[in-house]
Amino acid sequence: MNIIDLHCDVLEKLTRLENANFRNDPRLSASLEKLKAGNVKVQVFAIFVHSDIPDNEKFLAAARQIEAFHTKVLCEPEMVHITEWEQLSQLEDGQIGAILSLEGCDCIGEDILKLEHILNAGVKLVGLTWNHENGVAFGTSEDQTKGLKPFAQEVVQLLNKRNILIDVSHLNEQGFFDLLPLANNIIASHSNARGICDHARNLTDRQIKELVRHGGRIHVVFYPPFIENGKESTSIEYLVKHVEHIASLVGIQHIGFGSDFDGMDFSVENLTNSAEYENFIKALLKSFSYEEVLIMAYKGFHKFVKKIDLARE
Ligand SMILES: [Zn+2]
């Protein structure tokens, strides 16, 4: 079964680890070989600039990851850079679609030209924050009652104009509700349900319903502390509980996957890298029909982005 995965941190690792290679580096959880083994047909590659990097070096760090996307990922003949959603329908057997996302606007400061520069590299999803406060908004580690900052208006306007998916996965609660009426295209690329695991990185039932009511979707994340309260290890079955819970709230057609491979220090048993996706699919098939799992794995997101193209025409 083909899979679309909305989040991995391969680019950060490719720029940090010495002599890393995307094809088969054993240090990567979402290397090209592992994506192939797991039938991942489309992978989103996040530009993730760690908060430890000094502010004045963050934009350069983002540029380095974009460079790694070209020189280490796209240089592999199987990889196709998806810059227009219609390209998803054109992927041939053996090809894997590669999408760029920006995980948090920390690297742009309050400079809209920097954001334009990053979008021009072919970025299709943008999150306003990672876990901390930046020039745009407050992340999930911050006070949940603080909303979007004035600069967010300009940022969201540009993202809407460019038909970018605005990612709420690391945004705090008030920022989320401030953003809903402003964003044209909204998504949670890697978040779970707070109804099952009460963690600030997860979405409440109300948030999930409102996200979908505003045309958005939620892609579940494979990080154990976001799956089972306080756990560094958990089972695939526990992750399936999140899918079942979200399905009971909004239906399966709005659910997808966003593993976070290469961005995690812990992993789910038997779901430790992209090659093990089949184990997750098998577990889902115990609770859902083949067609339903197909929708969650691929078809739902594909249909979602087709609508964005139609709205633009
Ligand atoms: Zn993340």
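In this text the structure is predicted, and so the values were computed from the model without any measurement. Numbering of ligands and ligand atoms starts at 1, following listing order.
In summary, D106 and K58 do not engage in a salt bridge, as defined by a charged side-chain N under 4.0 Å from a carboxylate O. Using a 4.0 Å cut-off between a side-chain N of Lys or Arg and a carboxylate O of Asp or Glu, K149 and E133 qualify as a salt bridge.
Between Y277 and F280, the ring planes are tilted. Angles from 30° to 60° get that label.
Residues passing the side chain to side chain contact (heavy atoms under 4.5 Å, CB included) test with N120 are R162, sequence neighbours excluded. Residues meeting the side chain to side chain contact (heavy atoms under 4.5 Å, CB included) test with H170, sequence neighbours left out: E103, T129, W130, N131, T140, H190, R201. By the side chain to side chain contact (heavy atoms under 4.5 Å, CB included) test, E154 is found to be paired with I112, F151, residues two or more places apart in sequence or in another chain being considered.
By the criterion of a separation under 2.8 Å, the protein N/O/S atoms near the Zn ion (ligand 1) amount to E103 OE2, H170 NE2, H190 NE2.
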